[in-house]
Amino acid sequence: MNIRGQERREFPLSVRKAAFKRCCRDGVPHCETCGCELNGRTSTIYEHVVPDGLGGEPTLDNCKVHCRTCADVKTFTEDNPRMQKADRVLKKSFGLTPRKQKIVSLGFAKRPPQNSASRPVARSFASEESL
Ligand SMILES: [Zn+2]
């Protein structure tokens with residue numbers, strides 16, 4: 001359960017089978033984005049075109065067969081930023097963002113007194129000497 005109030009809905013087996021058939025050319029499955037061959041070394045990933053977190057249905061129209069590289073590129077460059085923004089907007093509208101607070105710090109240490117012609121520091125010391 002996330003802030004958008006939905007459980008993740010995976011593709012049912014029938015949809016995955018239909019998508020797998022769709023991406024097969026000459027009996028060999030291919031990635032539907034880059035066209036690379038999906039053999040035993042590259043994992044086959046069924047990807048939501050419209051992300052599940054943003055209301056994408058687990059249907060055949062919303063399913064694409066990807067290789068690991070294409071799936072990661074789509075997930076990290078498109079889907080995650082969109083869902084993070086949706087979360088931020090929802091949190092803000094629900095008032096769930098923490099209040100902005102002023103940073104309280106001790107600041108810097110007070111600088112040591114410096115000698116100057118108009119304001120000699122050693123005055124008290126000098127007056128003690130004169131006594
Ligand atoms: Zn690919």
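Order of appearance sets the numbers: ligands from 1, and atoms from 1 within every ligand.
If you put the vertex on the Zn ion (ligand 1), SG of Cys67 and SG of Cys34 sit 110° apart, to the nearest 10°. The SG atom of Cys70 and the SG atom of Cys31 meet at the Zn ion (ligand 1) at an angle of about 110°, given to 10°.
Side-chain heavy atoms closer than 4.5 Å link hydrophobic residues (I, L, V, M, F, W, Y) into clusters, and following such links, even through other members, never connects Ile45 to Val65.
In summary, Cys36 places no N/O/S atom under 2.8 Å from the Zn ion (ligand 1), failing the contact criterion. For the Zn ion (ligand 1), the set of nearby N, O or S atoms under 2.8 Å includes none belonging to His66.
Between Glu10 and Arg8 a salt bridge is recorded (basic side-chain N to carboxylate O distance below 4.0 Å).
Using a 4.5 Å heavy-atom cutoff, the side chains of Glu47 and Glu32 are not in contact.
Aromatic pair His48/Phe11: centroids less than 6.0 angstrom apart.
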